[in-house]
Amino acid sequence: MRRRLLSSTLLVAVIAVLLLGIPLGVAVNRLIEEEATQGLVSQAKSLLNEVEYARLQDQPIDSVQLARKYPDRYIQIYVKGTPPQVTTVGAEPSDSRKMTEDAQSENGVYVAVTRDRTAVAREVRAWLLLILGLATAALAVAVGLAIVQSRRLTLPLSDLAMIAERLGSGDARPSKHRYGIQELDRVAEVLDRSATRISDLLAREREFATDASHQLRTPLTGLTMRLEEIVAAAHDPSVVKEEGEAAIVQAERLTAVIDELLAAARRQRHAQAEAVKLDRILEQQLTEWGPAFRRMGRDIRLRGTRGLRPLATSGGISQVISTLLENSLRHGDGTVTVTTGEKDTSVVVEVADEGTGIADDLAGRVFERNVSGKGGTGLGLTLARALAAADGGRLELVRPRPAVFALFLRKAETGRNRVVSGPA
C-alpha cells in the first residue's frame with residue numbers, strides 16, 4: 001500500500017508540474033522575447049529623435065558617444081541628402097543571431113538598432129532552469145509528503161491488523177489507540193467495542209463454567225452419599241430400595257440443575273417463573289440433607305407457615321436452599337431451622353443455625369465472589385444470590401451471629417388469578 005501511495009502521489013505531482021510548468025516556460029520565453037523587442041523599439045525611437053535633433057542643430061553624429069550610450073548594439077543611421085549620410089556604430093552580429101528594430105522620420109532619417117539574440121536566449125535559459133528547479137523542489141516536497149502520509153496511513157492499518165489478529169487469538173484487551181484520522185479512528189473504536197464484547201463473553205463463559213462446576217457439586221455430593229448408604233446397607237434390601245429411590249431423585253435433581261444452569265446462561269429463568277409449592281421443595285431438601293446432618297450429630301427442623309406458593313422456579317429455590325444448608329453443615333453448628341412465612345407481597349424462607357456465625361469483617365462481603373471464611377470456594381452464596389435475583393427475589397444476611405439467611409420471593413396470589421409483580 002505504501003508503494004501505491006508513493007507512486008500515485010508522484011504521478012499526480014508530475015502531472016501537476018507538467019500542466020503548470022510547460023505553459024509557464026512558454027509564457028516566460030514569450031515574455032522575455034517581447035521585452036527584448038520592445039527594448040529595441042524604444043531604443044530605435046530614442047535614437048531617431050537624437051539624430052533629428054542633431055540635424056536641426058547642424059551637429060555631426062558622434063559615433064563614440066552613441067557606442068557608449070548603446071553598448072552591445074549595432075546601429076545603422078541613414079540621413080537623406082546629397083550626398084546621403086550613412087553611419088554605423090558597433091559590431092554587426094551574424095544573421096542567425098540578429099534581433100533588429102528600426103524607425104524613420106518624414107525628413108528622410110532612418111535608424112536601425114540590432115542586438116545579439118544570444119543574451120536573450122541566455123536569459124530565457126536561466127528562467128527555464130529556475131522553473132525546472134522549482135518543479136524539482138515541488139516534486140521532492142510531494143514525495144516527502146507522500147512518504148509521511150503513507151506512513152501515517154499504513155502504520156495505523158498495520159496496528160489495526162495486529163489488533164484484529166490479537167482479537168482472533170483470544171486476547172480481547174481494548175487497545176484505545178487513536179490516530180487522528182476520522183475513518184481509522186472509527187475502525188479502532190469498532191474494534192475496541194468488539195474487544196470489550198468479546199472480553200465480556202469470555203468472562204461470562206468462564207464464570208458459567210465456574211458456576212456450573214460449583215452448582216453440580218452439591219447434587220453430586222448428595223448422590224454420592226446415597227450410593228454410600230446403599231453400599232453400607234447392601235445386606236438390607238429395604239434400605240437399598242429406599243436409598244436407591246433417593247439416589248434416583250438425586251439424579252433427577254442433577255438433571256434439573258443442569259437445565260437451570262442452561263436456562264440461566266440464556267437469561268430465560270425469569271420468563272420461566274411460575275407459582276411453585278414451597279412445602280414440597282423444602283421437604284425434598286430436608287430429606288436429601290437429613291442423612292448428612294445426622295452423621296454429624298445434628299438435626300434439621302422445618303417450621304412456619306405451610307401451603308405457601310411463591311412465584312419462582314423449582315430448581316432455583318432448590319439450589320438456593322441447598323446452598324444455605326450446605327453452608328450451615330460446613331460452617332455452622334447445632335440445629336438448623338428452616339422457617340417459612342409471609343411479609344407484605346413476599347414469601348420469606350429463613351435458614352438459621354446455632355453456630356458462632358459470620359465474622360464482622362466478612363459479614364458485609366459474604367455475597368462477594370471468592371470471599372469465604374473457612375476455606376470454601378467463595379462461590380456458593382454468590383451464585384445463590386444470583387439465582388434468587390434471576391427468579392425475581394433476593395437473598396439477604398439478616399443476622400450474622402448466629403447466622404440467619406433470608407430468601408425473599410415474590411408471592412403468587414392464585415386465588416384471584418393474578419400475580420404480584422415487582423421485586424420481592
Side-chain angles (χ1 to χ4, degrees), residues 211 214-215 218-219 249 252-253 256-289 300-329 332 336-353 358 366-368 379-400 402-424:
D211 294 352
H214 184 275
Q215 292 295 90
T218 299
V249 173
E252 292 175 349
R253 179 166 170 252
V257 169
I258 295 174
D259 292 338
E260 289 295 329
L261 286 170
L262 292 176
R266 300 187 185 100
R267 301 183 181 274
Q268 295 175 348
R269 288 180 48 82
H270 192 74
Q272 294 175 349
E274 59 183 359
V276 298
K277 295 181 179 180
L278 183 61
D279 294 340
R280 181 182 300 175
I281 297 173
L282 296 179
E283 289 170 0
Q284 177 189 4
Q285 290 300 312
L286 267 61
T287 301
E288 292 179 5
W289 286 96
I300 305 178
R301 295 177 183 175
L302 177 61
R303 67 182 187 183
T305 307
R306 313 294 288 178
L308 297 176
R309 295 176 63 85
L311 186 66
T313 57
S314 300
I317 297 177
S318 298
Q319 286 298 301
V320 174
I321 300 301
S322 177
T323 300
L324 295 178
L325 292 177
E326 183 183 12
N327 253 25
S328 297
L329 179 64
V336 175
T337 304
V338 180
T339 306
T340 59
E342 293 180 283
K343 183 179 293 185
D344 297 330
T345 60
S346 300
V347 173
V348 184
V349 181
E350 292 186 351
V351 178
D353 61 49
I358 302 173
V366 71
F367 292 106
E368 295 180 10
L379 294 173
L381 292 177
T382 303
L383 299 181
R385 171 172 272 192
L387 289 170
D391 281 344
R394 70 182 192 275
L395 178 63
E396 302 291 345
L397 175 64
V398 296
R399 189 177 67 199
V404 179
F405 289 90
L407 173 62
F408 297 87
L409 298 169
R410 295 176 296 166
K411 185 190 299 183
E413 297 185 2
T414 56
R416 287 179 286 177
N417 295 324
R418 73 182 185 91
V419 174
V420 177
S421 60

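What you see is a predicted model, and the numbers here were worked out from it, not measured in a lab. Below, all heavy atoms of this structure are taken into account, side chains as well, without hydrogens, waters or symmetry copies.
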>> Contact between Val351 and Leu407 at the side-chain level, heavy atoms closer than 4.5 Å - yes or no?
In response: no
> Out of curiosity, Ile281 CD1 to Ser322 OG, how far, rounded to the nearest 0.5 Å?
Replying inline: 12.5 Å
>> Let me confirm one number: the CD-CG distance from Gln319 to Asp391, rounded to the nearest 0.5 Å.
In response: 11.0 Å
>> Using 0.5 Å steps for rounding, measure from the CZ atom of Phe405 to the CD atom of Glu350.
In response: 12.0 Å
> Between the main-chain N or O of Ser328 and the side-chain N or O of Asp353, is there a donor-acceptor pair closer than 3.5 Å?
Replying inline: no
> Do any N or O atoms from the side chain of Thr340 and from the backbone of Val349 form a donor-acceptor pair under 3.5 angstrom?
Replying inline: no
> Can you tell me how far CD of Gln284 sits from OG of Ser318, rounded to the nearest 0.5 angstrom?
Replying inline: 5.0 Å
>> Evaluate Leu308 against Glu342 for side-chain contact (heavy atoms from CB on, under 4.5 Å), listing each step before the verdict.
In response: CA-CA 8 Å; Leu308 297 176; Glu342 293 180 283; 3.4 Å; yes
>> Nearest 0.5 angstrom please: Thr337 OG1 to Leu302 CG, how far?
In response: 9.5 Å
>> Between Leu397 and Val404, is the side-chain contact (heavy atoms from CB on, under 4.5 Å) condition met? List the steps.
In response: CA-CA 6 Å; Leu397 175 64; Val404 179; 5.9 Å; no
> Between atom CH2 of Trp289 and atom CD of Glu326, what is the distance when rounded to the nearest 0.5 Å?
Replying inline: 4.5 Å
> Are Arg309 and Val276 side-chain neighbours, meaning at least one heavy-atom pair lies under 4.5 Å?
Replying inline: no
> Shortest non-hydrogen contact from Ala388 to Val320?
Replying inline: N-CG2, 4.2 Å
>> Run Arg301 and Val336 through side-chain contact (heavy atoms from CB on, under 4.5 Å) and show every step you take.
In response: CA-CA 6 Å; Arg301 295 177 183 175; Val336 175; over 6 Å; no
> Less than 4.5 Å apart, any side-chain heavy atom of Leu409 and any of Ser346?
Replying inline: no
> Can you check side-chain contact (heavy atoms from CB on, under 4.5 Å) on Leu395 and Leu324, steps first, answer last?
Replying inline: CA-CA 10 Å; Leu395 178 63; Leu324 295 178; 4.1 Å; yes
>> Testing Leu329, Thr287, Leu286 one by one against Ile300 for a side chain to side chain contact (heavy atoms under 4.5 Å, CB included), which residue passes?
In response: Leu286
> Would Glu283 and Arg306 pass as an ion pair if we require N to O under 4.0 Å?
Replying inline: yes
>> With a 4.5 Å cut-off on side-chain heavy atoms, are Glu274 and Thr313 touching?
In response: no
> Would you find a donor on one side and an acceptor on the other, under 3.5 Å apart, between the side chain of Thr323 and the backbone of Leu381?
Replying inline: no
